[in-house]
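Contents: one structure, followed by commentary.
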Amino acid sequence: MQVFKRFSCLFKLKIAQPLRVDGMGVWLTVLWLVLGHPPLIHAADDPNSSASTTAQSPALIPTEIIEARTAQPWFNVSARNGYETQFQIIGGSNATDLAPLQALLEEHLNLHEAMQHPKMNTDEWRRLTQQTPKEIADLLSTEGFFYARTSIAHIPSKQGLPSKQVIFTVTLPQAMQVKTHTLHFTGAMVDNAQRPTNHSLQRNDCQQRWRLTAGQRFTQIAWADAKRQLLSCFLQAEFPNAKITHSSANIDPLTAQVDLAITIDSGHAIQFGQMHISGLTRYAPHLFNALNPIVVGSSYRQSQLLQLQNSLMASGKFSQVEVTAPTQALAPDQLADIEVQVKELDQKNIRFGVGASTNTGARTVFNYTDRHLFGRGLLWDTSLRVEQRLQSLTSNVTFLTDAKGNRDSIQNSITRTDLEGQVTTAIQNGVRRYWGNPQQIEQFIGANVLYEFLNIDGDTAEFNKAATLAYGFNLRRLDQPQAPTKGWILNAQWQGAPLDRISDGRFLQTKARVQAFYPLTASTQWLSRLEIGMINGTSSVPATYLFRAGGDQSVRGYAFQSLGVIQNDAIVGGRVLVTGSQELVQWLTDSWGVAAFVDFGNAANRWADLRPVFGYGLGARFRSPVGPVGVDIAYGEATKDVRLHFNLGVNF
């Protein structure tokens, strides 16, 4: 018996190719079965090929298939109906290259799609497995692995039923790399001698943007993306009719290298013409001339068309704006006129809403808007807001942007707050001027007059006044304006009362706030926030300009503006402020995530008296169309209380 066992082991190791079951093979097969060794794996061949007449015995197993079964799989895909594929990898490149290959095979093989179907059967299973090696080769070629070879092995069922498991052993060749690339240009970029310097700079800039240089890995996606980026470099500049007239990728499978060649015809250089607006019913066209940054005769730039479209939408007058500059059929002066198609919003509308906030409680809001005040295109927005701890009436008149890009406004408000034993009624009237790009850097200057009525604990009543001047800026570097995943925001503001005669005292208020967003992984995000404030000058500063902390976007775990200076039984504002937050968000899906955070901060009258308190908590996050929504449960370490917080959007 020991002899037969040794012989059978030797037999298993030596068989590297299927044998015909005749002569000695029959006797060996009988001995194999008598010794009680069940078949492990059998090679799967195409039943329609001539090779299918060999290796019909499941006992005759190629050595590499046995090793593949015992080795750690590269990855596997399972279905609820018992069908399973396993993949082994041989050769190729390092582990960092395997993740995209795995995703490619998991998502795009027909076999994996059919495995999930409830009507999948054995015949269809075997048919699709035979087609899979060719599909694998086609898919891997898009990633730069040409002529990949794949062998198949079915794993027999222990119950003697037809096999539902298969192993694909993929032998990867060397990944293709770029050997040379040749970029050739025709058209006005090289033929027009009127502005050769400008054209040469444009051509050099486009050449420098080419991504597939010598030594880089060649894939179909990278090739297509490189061509698209090169062409867009021309389309966004003064050559909107540019096109690729020739492109080739000559592949040498022996050296695993590829030579690239591409030719682009730039077409004619295009300049802008006049702007024509259609769709206006109540506004005069000249009201929007200042919003147009494009000078007649200037070189075509797609970015300027987009800027014009955004400026018109930001005016608040239109529900839809479409800006084009047809370049195929030019005007008689050979300039591309700018065609603007707009759809106006209603001139007047009334909105009414109800809601709730964990900061100020239940609320009711009434809003009235007039977009053509006095027939001069002014935007008047007024609202009445009634909440449990805050009531306000506001009016804001916004002028159209002038020729220098300035945006002026007149602001009036009456606000009453009842917070932590302090009741404040503030009447403010002011003007502001904004300029700059709101998505990058925006600045403002302003002047404001404040009259304030203050009551603390129902005993102390004060009247304060201040006439202030202000300057501030908002600096943004974000990948997305509504739901940023990477970047930062910096807000800074200085507001001071320079004259004693029209104020109760001279003072300067300084505030700065920075927020940072950073993706630690594809699904994990780190958020950080720091806010600092201080007041210099006289002690008679209106409560409206003093600092308090607590609540959403401040220190979670504490009531809204409950952190400050203790005065009798009330909490009043302090002259210095520090708040901050560190937060980790783990996104479970594209829209839903969970968060863990630590907040800190407080307000005081002196830096030496400032004692930051901490809040800890967990929360849920949702990416909505209007911005991120957060619901948090936070524990205030100083108060030993647990509070619920709700917030919508990013504070800018």
Side-chain angles (χ1 to χ4, degrees), residues 75 93-108 143 209 211-212 216-217 219 221-222 224-226 228-229 232 303 306 310 437-442 473-492 512-532 552-557 579-601 614-634 645-652:
F75 73 94
S93 188
N94 55 45
T96 58
D97 295 322
L98 297 183
L101 303 185
Q102 176 180 338
L104 192 70
L105 299 181
E106 283 183 344
E107 297 176 12
H108 298 290
E143 289 294 319
R209 294 188 187 186
R211 297 181 177 182
L212 275 180
Q216 290 188 326
R217 180 172 155 190
T219 68
I221 294 177
D225 184 61
R228 182 171 57 252
Q229 291 293 333
S232 73
S303 59
L306 181 60
N310 291 338
N437 185 348
Q439 299 304 323
Q440 296 181 2
I441 179 170
E442 183 180 46
F473 64 85
N474 301 318
L475 186 60
R476 299 174 178 87
R477 294 293 184 270
L478 301 173
D479 59 346
Q480 302 178 57
Q482 292 296 330
T485 61
K486 185 177 182 180
W488 49 272
I489 310 166
L490 174 62
N491 311 118
R513 179 188 179 100
V514 61
Q515 293 175 272
F517 309 84
Y518 188 78
L520 298 177
T521 68
S523 60
T524 306
Q525 187 181 21
W526 169 68
L527 297 88
S528 182
R529 169 176 50 84
L530 179 64
E531 183 177 15
I532 298 176
D552 301 335
Q553 296 294 320
S554 180
V555 185
R556 287 165 286 189
T579 67
S581 177
Q582 300 294 322
E583 182 172 315
L584 282 177
V585 180
Q586 178 63 50
W587 292 100
L588 306 176
T589 68
D590 291 340
S591 300
W592 289 96
V594 294
F597 58 85
V598 178
D599 292 354
F600 64 90
F614 290 85
Y616 317 91
L618 300 172
R621 299 291 180 266
F622 174 65
R623 286 174 172 149
S624 74
V626 295
V629 178
V631 179
D632 299 316
I633 297 177
H645 296 274
F646 173 83
N647 58 76
L648 169 65
V650 177
N651 252 353
F652 294 108

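- In this structure, CG on D479 lies 8.0 Å from NZ on K486, to the nearest 0.5 angstrom.
- Pairing each heavy atom of R211 with each of Q229, the nearest pair is NH2-CD, 3.8 Å.
- Annotation: side chain of R529 is not in contact with side chain of L527 (no heavy-atom distance under 4.5 Å).
- With values rounded to the nearest 0.5 angstrom, Q440 atom CD is found 13.0 Å from N474 atom CG.
- When the side chain to side chain contact (heavy atoms under 4.5 Å, CB included) test is applied to S554, the partners found at least two apart in sequence or on another chain are A549, T579.
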*Hey, mind stepping through R623 and T485 against side chain to side chain contact (heavy atoms under 4.5 Å, CB included) and telling me if it holds?*
CA-CA 11 Å; R623 286 174 172 149; T485 61; 3.9 Å; yes
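- Among residue pairs with one or both ends in residues 583-596, those qualifying as salt bridge (charged side-chain N to carboxylate O under 4.0 Å, His left out) are R556-E583, E583-R621; sequence neighbours excluded.
- Here CZ of R513 is found 8.5 Å from CD1 of I489. Values are rounded to the nearest 0.5 Å.
- Residues G487 and L478 come closest through the heavy atom pair C-CD2, 4.0 Å.
- Remark: Y616 pairs with E637 by the side-chain hydrogen bond (donor to acceptor under 3.5 Å, both in side chains) rule, at least two apart or across chains.
- Taking R209 as the reference, D205 meet the side-chain hydrogen bond (donor to acceptor under 3.5 Å, both in side chains) condition, with sequence neighbours excluded.
- Summarising the geometry of S581 relative to D599, their closest heavy-atom pair is OG-OD1, 2.6 Å, with the distance given to 0.1 Å.
- Around the CD1 atom of I633, the shell of radius 6.0 Å holds no more than 12 heavy atoms that belong to other residues, nucleotides or ligands.
- For F75, the ring pair (Phe, Tyr, Trp, His ring centres under 6.0 Å) test picks out F87, with sequence neighbours left out.
- The CD atom of Q480 sits 11.0 Å away from atom CZ of F517, with the distance rounded to the nearest 0.5 Å.
- Taking the side chain to side chain contact (heavy atoms under 4.5 Å, CB included) definition, one finds that R228 meets it with D225, sequence neighbours left out.
- With a 6.0 Å radius and a threshold of 12 heavy atoms from other residues, nucleotides or ligands, F473 has its CZ atom above the threshold.
- Evaluation of the side-chain hydrogen bond (donor to acceptor under 3.5 Å, both in side chains) rule for S303 yields no partner, not counting sequence neighbours.
- Under the rule for a side chain to side chain contact (heavy atoms under 4.5 Å, CB included), the partners of L588 that lie at least two apart in sequence or sit in another chain are Q586, V594.
- Across A595 and V585, no two heavy atoms sit closer than the pair CB-CG2, 4.0 Å.
- W592 is linked by a ring pair (Phe, Tyr, Trp, His ring centres under 6.0 Å) to F622, counting only residues two or more places apart in sequence or in another chain.
- Taking CZ of R217 as the reference point, atom CG of L212 lies at 11.5 Å (rounded to 0.5 Å).
- For P438, the side chain to side chain contact (heavy atoms under 4.5 Å, CB included) criterion is met by R407, E442, not counting sequence neighbours.
- Every residue meeting the side-chain hydrogen bond (donor to acceptor under 3.5 Å, both in side chains) condition with W526, not counting sequence neighbours, appears here in chain and number order: Q582.
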